[in-house]
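Numbers here are sequence positions counted from 1.
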Amino acid sequence: MTPAGFEQDARAAVTPTSTQGTDAVRLGRKAASPAVLALLAVSLALTAAMLAIAAYQYRSQVMEEAESRSAAIASVLEEHAAKTLGIHAMTLFHLEWMVDDQGWERIENSPLLHERLKTLALQTPEVQSYWITDETGRVRASSFEWPIRELSVADREYFRAHLAASDAIHVSPRLSGKIKSEIFFTLSRRMELPGNRFQGVVLLSLLPAYFDDFYRSVLHDPRDVILLLREDGQAIVRKPLDSAPDRADIGKFPELITTPDVDGTFRAVTSFDGVERVLARRKVPNLPMYVVYGTDIASIEAAWRNRMEPYALFAIPSIGLLGLLGVIALRRSRQAADAQEALSRANEALESRIAERTRHLDQALSDKEVLLRDIHHRVKNNLQVILSLLELQAQRSPELEAPFSEALSRINTMGLIHEQIYRSTGISSVQLDSFIEALVGHLSSFHRRPGREIAIHHDVEAVSIDLNRVVPFTLILNEVLSNAFKHAFADRCSGTITISLRAENGMLYLTVTDDGTGTPETEPAAEPGRRSMGMDLIRAFARQIHGEYHYTRTGGTRFDLIFPQEDEAS
């Protein structure tokens with residue numbers, strides 16, 4: 001781009017016209033009120049959002065409390081059913097043992113057995129009666145009466161279940177008595193003779209009214225429900241009951257058994273009343289029964305509204321107060337906008353003068369950058385001419401090839417430096433990762449020999465250093481890599497050189513390692529008088545960048561250089 005082009009861009013980007021300045025002042029005045037309005041809107045939205053977040057959190061909290069309460073009450077119901085019915089299941093086992101090997105005639109004609117059964121029935125309020133039947137379903141003994149009348153239970157569901165299967169314990173649905181019209185359900189046990197032959201059934205009749213009374217005391221809210229269900233979902237007890245208590249069939253709800261739960265609770269609409277509830281289900285241990293406790297969602301939402309009411313009473317007046325303050329702030333902002341407009345008009349002339357001065361400075365800086373780039377490009381070209389002349393001289397004087405080789409490498413390295421400066425977007429520093437990559441490529445090509453393969457691996461962080469130190473650093477690296485190429489693999493056809501550069505705590509750490517036989521270079525204090533020019537250059541350049549270096553030779557050669565990342569003089 002020409003200087004005229006730079007000047008035109010700077011004028012267009014920096015110097016505002018008088019019309020643009022006036023438009024900016026007017027826009028600033030118009031934007032003052034919308035800014036206040038935006039701030040007011042954000043304040044109101046933030047208050048409303050906080051109220052909404054609190055509402056959501058409290059809703060989640062009351063829902064979790066309802067789930068935990070339902071699960072806890074269901075656990076209490078499970079424990080009650082397990083203890084109550086578990087004891088009676090053990091009683092049936094003992095009754096089977098009492099009638100074993102006595103024979104049906106002796107059992108039927110024994111008033112003593114009737115008295116024992118009657119005494120057992122009177123001991124617990126939930127038991128209506130005990131019964132013993134033979135394999136045909138004929139009742140042989142009971143706690144209800146003696147002598148027992150002619151009565152058969154072969155048509156009962158529990159008898160058919162024991163006749164068809166060998167399940168030890170069975171729970172019947174609600175039944176109406178054949179002798180006394182009273183609602184009950186049975187807990188029965190199959191009796192067997194040796195060889196798994198069916199002998200009959202021993203059972204007891206339990207009163208649902210006992211469970212109704214207990215469940216009434218457990219209900220947390222009148223709208224909650226408690227169900228005692230069989231495995232098929234047939235309801236045995238339901239509290240509260242919206243039908244007559246002497247009704248045998250109070251519903252079948254298999255969905256309350258099969259619906260998957262999460263941590264013991266689930267949400268469902270109970271079909272008997274169409275109410276959505278949080279339900280907790282528990283299996284009664286060792287019995288084919290479930291207990292279910294349900295909490296009405298409407299009661300949970302009512303508790304949530306009661307909990308949110310104080311916050312709503314506080315938030316609504318707060319929103320109104322914010323609106324009032326916003327109106328006052330809007331009027332003040334308009335006054336401030338008027339004052340700002342007057343100040344802008346006073347500053348417009350000053351800004352014009354500053355813009356003109358800035359344009360001249362930008363133009364001068366642009367010209368300087370172009371000039372410096374051109375200088376670096378010309379220096380690089382001149383170094384290339386010198387390099388070509390030395391190569392021609394070395395070709396005509398083979399005895400000078402070795403010393404010329406080192407000089408050629410150093411000159412080429414300096415040329416690479418100026419090329420990187422010329423190619424970079426800035427001229428005050430050089431990016432070391434890209435430069436080291438270019439240097440490695442040059443040295444690999446320069447020292448390549450037929451039949452020898454030297455691999456170079458480099459792990460260099462993306463760091464940069466200023467121009468005052470890039471030349472000494474680069475020539476140090478050039479000397480170290482050249483020594484490795486020339487001496488570390490003198491008697492080998494392959495090898496590896498590894499370069500690492502990292503920045504830490506304001507310092508740069510350079511490490512160059514090879515797996516060769518070791519270079520002949522030594523520290524100057526080790527063997528005075530045998531120093532090489534490369535070692536002198538390393539020492540001088542390290543001192544110039546305020547760095548420290550040392551060689552380590554253990555199964556190869558390692559060179560370490562530490563120096564400040566920033567120039568201490570600056």
Can you list everything that forms a side-chain hydrogen bond (donor to acceptor under 3.5 Å, both in side chains) with [X]? Sequence neighbours excluded, please.
{"X": "His220", "result": "Arg69"}
{"X": "Ser271", "result": "Glu255"}
{"X": "Gln234", "result": "Asp249"}
{"X": "Arg149", "result": "Glu145"}

Can you confirm whether more than 12 heavy atoms, excluding those of [X], are under 6.0 Å from its [atom1] atom?
{"X": "Met50", "atom1": "CE", "result": "no"}
{"X": "Glu437", "atom1": "CD", "result": "no"}
{"X": "Lys83", "atom1": "NZ", "result": "no"}

Side-chain H-bond candidate by donor/acceptor type, Ser70 with Thr295, under 3.5 Å: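 Yes, side-chain donor-acceptor contact under 3.5 Å.
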Thr270 and Arg277: side chain donor to acceptor below 3.5 Å: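 A donor-acceptor contact under 3.5 Å links the two side chains.
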Set of ring-ring contact (aromatic ring centres under 6.0 Å, His included) partners for [X], sequence neighbours left out:
{"X": "Phe214", "answer": "His80"}
{"X": "Tyr290", "answer": "none"}
{"X": "Phe159", "answer": "Phe198"}
{"X": "Phe253", "answer": "Phe272"}

What pair of heavy atoms forms the shortest contact from [X] to [Y], and how long is it?
{"X": "Ser143", "Y": "Ser129", "answer": "OG-CA, 3.1 Å"}
{"X": "Glu504", "Y": "Tyr509", "answer": "O-CE1, 3.8 Å"}
{"X": "Tyr158", "Y": "Ser188", "answer": "CB-OG, 3.9 Å"}
{"X": "Asp261", "Y": "Gly264", "answer": "OD2-CA, 3.7 Å"}
{"X": "Arg230", "Y": "Val171", "answer": "NH1-O, 2.7 Å"}
{"X": "Ala74", "Y": "Val291", "answer": "O-CG2, 3.8 Å"}

Side-chain ion pair, [X] and [Y], N-O less than 4.0 Å:
{"X": "Arg189", "Y": "Glu96", "result": "yes"}
{"X": "Glu78", "Y": "Lys283", "result": "no"}
{"X": "Asp273", "Y": "Arg238", "result": "no"}
{"X": "Glu301", "Y": "Arg59", "result": "yes"}

How long is the span from the [atom1] atom in [X] to the [atom2] atom in [Y], to the nearest 0.5 Å?
{"X": "Thr498", "Y": "Asp459", "atom1": "OG1", "atom2": "CG", "result": "9.5 Å"}
{"X": "Leu117", "Y": "Leu95", "atom1": "CG", "atom2": "CG", "result": "6.0 Å"}
{"X": "Asp232", "Y": "Thr258", "atom1": "CG", "atom2": "OG1", "result": "11.5 Å"}

Residue of the set Ser205, Ser172, Pro173 for which side chain to side chain contact (heavy atoms under 4.5 Å, CB included) holds with Phe185: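 Running side chain to side chain contact (heavy atoms under 4.5 Å, CB included) over Ser205, Ser172, Pro173 with Phe185 returns exactly one hit, Ser172.
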Parallel, tilted or perpendicular: rings of Phe144 and Trp131 (30°, 60°):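 Because their plane-to-plane angle is under 30°, the rings of Trp131 and Phe144 count as parallel.
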Ile257/Leu229 under side chain to side chain contact (heavy atoms under 4.5 Å, CB included): CA gap, chis, key distance, verdict: CA-CA 8 Å; Ile257 304 296; Leu229 304 174; 3.7 Å; yes
Qualifying salt bridge (Lys or Arg N to Asp or Glu O under 4.0 Å) pairs, either residue in residues 205-216, two or more places apart: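 Counting only pairs at least two positions apart or across chains, the salt bridge (Lys or Arg N to Asp or Glu O under 4.0 Å) contacts touching residues 205-216 are Asp213-Arg216.
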Selection residues 111-134 - residue pairs positive for salt bridge (Lys or Arg N to Asp or Glu O under 4.0 Å), sequence neighbours left out: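 Qualifying pairs: Asp134-Arg140.
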Full working for side chain to side chain contact (heavy atoms under 4.5 Å, CB included) between Gln199 and Arg190: CA-CA 8 Å; Gln199 185 183 11; Arg190 173 188 169 102; over 6 Å; no
CA sep, side-chain torsions, deciding dist, call: Arg502, Leu510, side chain to side chain contact (heavy atoms under 4.5 Å, CB included): CA-CA 7 Å; Arg502 59 186 176 86; Leu510 171 68; over 6 Å; no
Ser152/Thr136 under side chain to side chain contact (heavy atoms under 4.5 Å, CB included): CA gap, chis, key distance, verdict: CA-CA 8 Å; Ser152 175; Thr136 65; over 6 Å; no
Ring pair (Phe, Tyr, Trp, His ring centres under 6.0 Å) pairs, two or more places apart, involving residues 43-65: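 Checked against ring pair (Phe, Tyr, Trp, His ring centres under 6.0 Å) - neighbours excluded - the pairs reaching residues 43-65 are Tyr58-Tyr311.
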Qualifying residues under salt bridge (charged side-chain N to carboxylate O under 4.0 Å, His left out), relative to Arg138, sequence neighbours excluded: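 Applying salt bridge (charged side-chain N to carboxylate O under 4.0 Å, His left out) to Arg138 gives Glu108, Glu150.
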Stepwise salt bridge (charged side-chain N to carboxylate O under 4.0 Å, His left out) check, Glu356 with Arg353: CA-CA 5 Å; Glu356 183 66 19; Arg353 293 174 60 187; over 6 Å; no
